[in-house]
Amino acid sequence: MTSKHMGSFTEFEDYEDVLEYMSHINVPMLMIYGTEDPGYKDWAEQIFKLAAVVPDMKLVTFQGERHLFEIDVPDKIANEVIFYLRSLKSEIDP
């Protein structure tokens, strides 16, 4: 894997390098995206591959939402984040 800095995926040779790098993340991760995001159709396969390799990643799909869904449906995203954080707390302190 070659990368000038780890803050940008554009520096990786290919997406397999990104997946290899991301598979070493050892903290919980929540990824939320909307199915009507203009990039969704181009990136859907990569999103699912990423979810498969990151050990503690939860993937949430908002059907019909676009890129800035946090503006359009802030309560919906807040509820997902709260639910996710509570699930982490229950794993730590059952």
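All heavy atoms count here, side chains included; hydrogens, waters and symmetry mates do not.
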Determine the minimum heavy-atom distance between [X] and [Y], stating which atoms define it.
| X | Y | result |
| --- | --- | --- |
| His67 | Pro38 | CB-CD, 4.3 Å |
| Asp56 | Val27 | CB-O, 4.1 Å |
| Tyr33 | Leu59 | CE2-CD1, 3.4 Å |
| Ser23 | Pro55 | O-CD, 3.6 Å |

Any heavy-atom pair between the side chains of [Y] and [X] that's under 4.5 Å?
| X | Y | value |
| --- | --- | --- |
| Arg66 | Asp37 | no |
| Val60 | Met31 | no |
| Glu65 | Asp72 | yes |

Is there a path from [X] to [Y] through hydrophobic residues (I, L, V, M, F, W, Y) whose side chains come within less than 4.5 Å of each other?
| X | Y | value |
| --- | --- | --- |
| Phe48 | Met29 | yes |
| Phe69 | Phe83 | no |
| Ile82 | Leu88 | no |
| Ile32 | Leu68 | no |
| Val73 | Ile71 | no |

**Asked** Listed by chain and number, what are the side chain to side chain contact (heavy atoms under 4.5 Å, CB included) partners of Asn26, not counting sequence neighbours?
**Response**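 Per chain and number, Asn26 pairs via side chain to side chain contact (heavy atoms under 4.5 Å, CB included) with no residue.
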Could you state the interatomic distance from NZ (Lys49) to CD (Glu16), rounded to the nearest 0.5 Å?
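Answer rounded to 0.5 Å: 5.5 Å.
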Taken to the nearest 0.5 Å, the spacing of Trp43 CH2 from Tyr15 OH works out to 6.5 Å
Residue pair Leu19, Met22: steps toward the side chain to side chain contact (heavy atoms under 4.5 Å, CB included) verdict: CA-CA 5 Å; Leu19 293 175; Met22 297 293 283; 5.7 Å; no
Cation-pi check, Lys76 to Phe62: give yes when NZ or CZ is under 6.0 Å from the six-membered ring centre and within 45° of the ring axis, no otherwise.
->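 Because its charged atom sits under 6.0 Å from the ring centre and within 45° of the axis, Lys76 does stack over Phe62.
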